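Report on one structure; see the data block that follows.
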Amino acid sequence: MQDPLRIICEDPLERKWIWLSLLLAVVAGLVLGVYAVASNVHPPSNVETIDSARLHLTEEFGEDNLGVKTNPDGSVTVTMVGARYGFYPPRVEVPVDTPVTFRIASADVLHGVHVPYTNMTTMIVPGYISQVTTKFPQTGEYSMLCNEYCGLGHDAMWSRLVVTAGPVGGEAPAGESSAGESSEAVSSGGES
Ligand code: CUA
């Protein structure tokens with residue numbers, strides 16, 4: 001059979017290298033594909049817009065509604081705001097082996113969130129609500145790190161994710177942790 005690459009290339013040595021690089025591309029694609037399927041990695045699939053400058057005036061991302069809520073079917077929804085330089089609430093507690101849906105919005109610039117040793121990671125693009133559903137198979141304390149450079153405090157932008165063995169009471173979304181924050185004054189001032 002004649003080499004199909006002859007149409008674009010006369011030199012046999014060069015054609016060998018073209019074949020080799022094509023093969024490498026296919027192998028790399030297969031490795032990534034198998035890894036993505038095996039580790040349940042998936043691209044963000046939620047396109048939902050929101051006005052980042054008015055987050056505190058929305059119902060869902062109002063300060064009082066942030067945190068962990070247990071849904072009627074037993075799954076958990078975590079509503080968070082990423083803002084320079086932190087995630088709010090700064091500590092969330094979710095049950096182990098339970099579907100957890102994160103809904104996160106940025107109040108200012110581009111952030112990312114990454115929980116090491118889990119498959120929880122997403123960008124938080126201003127103007128959009130990032131939504132990720134995952135399960136945490138192991139209990140423990142995890143860091144939620146910002147992984148998109150967002151300013152001078154970027155490396156200090158992180159919060160705590162606690163995966164607990166028991167069910168989590170959804171009523172009190174980390175109420176005490178937000179006391180004394182300046183954003184409280186901002187949100188109550190903008191209501192009228
Ligand atoms: Cu937020 Cu880097």
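Quick caveat: nothing in here was measured; it's all calculated off a predicted structure. Start at 1 and go down the list; that is how both ligands and their atoms are numbered. Only heavy atoms go into these numbers, but all of them, side chains included; no hydrogens, no water, no symmetry mates. We're numbering straight along the sequence, starting at 1.
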Using modelled atom types only, decide if a donor and an acceptor are shared between the side chain of Asn71 and the backbone of Asp73 within a distance under 3.5 Å.
no
Just checking, is any N or O donor in the side chain of Asn119 or Ser39 under 3.5 Å from an acceptor N or O on the other one?
no
Please round to the nearest 0.5 Å and tell me the distance separating atom CE of Met80 and atom OH of Tyr88.
10.0 Å
If the cut-off is 2.8 Å, does any N/O/S atom of Cys146 fall short of it from atom 2 (Cu) of ligand 1?
yes
Taking Arg91 for its side chain and Ser159 for its backbone only, find out whether a donor-acceptor pair lies under 3.5 Å.
no
Just to the nearest 10 degrees, tell me the angle at atom 1 (Cu) of ligand 1 spanned by Cys150 SG and Met157 SD.
110°
Under 2.8 Å from atom 2 (Cu) of ligand 1 - does any N, O or S atom of Glu148 fall there?
yes
Val125, Val109: one ILVMFWY side-chain cluster at the under-4.5 Å cut-off?
no
So which N/O/S atom does His111 have closest to atom 1 (Cu) of ligand 1?
ND1
His154: its N/O/S atom lying closest to atom 2 (Cu) of ligand 1 (atom name)
ND1
